[in-house]
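A short worksheet on the structure shown next.
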Amino acid sequence: MENLEKVEKIRQKTGVSYEDAKNALVACDYDMLDAIVYLEKLGKIKAPERASYSTEMVVASQEFEQAQATYESSCKKTSVGDCVDRFIRWFGEVLKKSCKNTFHVEHEGKQVVAVPVLVFVLLLIFAFWITLPLLIVGLFFDYKYHFEGVTKVTVDVNDVCDKASAACMNIKNDVKNDTNNDTNNIA
């Protein structure tokens, strides 16, 4: 139960003001029973004249529940500003990660190029007609690609890069073998 609900319950049960109910709860660490006892000791609670059931309390309780439900539903609504803020935070995280992680190109075990992933992505977006063919041709000339700083996600990107390198190596070996076989058959 939230603190506001506790204040309302104590107010309904005892007939004290909101301020007295809140002060009693604060003094008793939000324990409702202790707060009622505390109010009794202070003499703020009126003794019940008779035990009876009142529909007024039920109506007040229902009104309180409706007001609380309305408040909670209005809190759940997201405005355009909230969406924009969330997008900006997400975009900032993506930019930060793309600058921390790097794309590496290696040839014969030596590192040739290492650029931030942000630069690599921008090259792919704005100069894909140059970048993509260079990457593919590089695979046939024994260049290997991998990312550093990337944590394993659903798909291991470095594993995919290694498989692409192996596939190009297999194609290259098959072409060499076919060329050697054709040369031997002609001679």
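When reading the values below, keep in mind they use all heavy atoms of this one structure, side chains included, and skip hydrogens, waters and symmetry mates.
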| message | Restricting to non-hydrogen atoms, name the atom on Asp31 and the atom on Leu33 that form the minimum distance, rounded to 0.1 Å. | response |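 Distance-wise, the nearest heavy atoms are OD1-N, 3.1 Å.
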Query - For the student: nearest non-hydrogen atoms of Cys99 and Pro116, plus distance - result: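 Heavy-atom minimum between the residues: O-CB, 4.1 Å.
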Exercise for the section: Please indicate whether Glu19 has more than 12 foreign heavy atoms, meaning atoms of other residues, nucleotides or ligands, lying under 6.0 Å from its CD. Expected result: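 Atom CD in Glu19 is not packed in, count stays at 12 or less.
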More than 12 heavy atoms of other residues, nucleotides or ligands under 6.0 Å from OH of Tyr38: is that the case?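 Counting other residues, nucleotides and ligands, OH of Tyr38 stays at 12 neighbours or fewer.
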Are [X] and [Y] joined in one hydrophobic group, where the rule is that I, L, V, M, F, W and Y side chains link up if heavy atoms are under 4.5 Å apart?
X	Y	result
Met169	Ile136	no
Leu42	Ile10	no
Val37	Met32	no

Sidechain-backbone polar pair: Lys144 side chain, Ser165 backbone, donor-acceptor under 3.5 Å:
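The answer is no, because no donor-acceptor pair under 3.5 Å joins these two groups.
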Fill in: Distance-only polar pair, side chains of His146 and Glu148, donor-acceptor under 3.5 Å
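Present: a donor and an acceptor within the cut-off.
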| said: Assess, by modelled atom type and distance only, whether the side chains of Tyr145 and Glu106 contain a donor and an acceptor separated by less than 3.5 Å. | reply: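 No - no donor-acceptor pair under 3.5 Å links their side chains.
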Qualifying residues under side-chain hydrogen bond (donor to acceptor under 3.5 Å, both in side chains), relative to Asp142, sequence neighbours excluded: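 Partners of Asp142 by the side-chain hydrogen bond (donor to acceptor under 3.5 Å, both in side chains) criterion, ordered by chain and then number, come out as Lys172.
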Any chance you could measure Asn23, atom CG, to Lys44, atom NZ, to the nearest 0.5 Å?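 With rounding to 0.5 Å, CG (Asn23) is 8.0 Å from NZ (Lys44).
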task = Enter the distance from Thr131:OG1 to Ile125:CD1 here, rounded to the nearest 0.5 Å.
result =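 With rounding to 0.5 Å, OG1 (Thr131) is 10.5 Å from CD1 (Ile125).
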Exercise for the section: Check the angle between the aromatic planes of Tyr143 and His107 and answer parallel, tilted or perpendicular using the 30° and 60° thresholds. Expected result: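 Because their plane-to-plane angle is under 30°, the rings of Tyr143 and His107 count as parallel.
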**OP:** Classify the ring geometry between Trp90 and Phe87 as parallel (under 30°), tilted (30 to 60°) or perpendicular (over 60°).
**Re:**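 Ring orientation, 0 to 90° scale: tilted.
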**Item:** Contacts of type side chain to side chain contact (heavy atoms under 4.5 Å, CB included), residue Lys100, not counting sequence neighbours
**Value:**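 Residues passing side chain to side chain contact (heavy atoms under 4.5 Å, CB included) with Lys100: Lys96.
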Residues sharing Ile130's hydrophobic cluster, by side-chain heavy-atom contacts under 4.5 Å among ILVMFWY, directly or via others?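 Traced through the cluster, Ile130 reaches Phe128, Trp129, Leu134.
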Is any side-chain heavy atom of Ile36 closer than 4.5 Å to a side-chain heavy atom of Thr14?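 Ile36 reaches Thr14 side chain to side chain.
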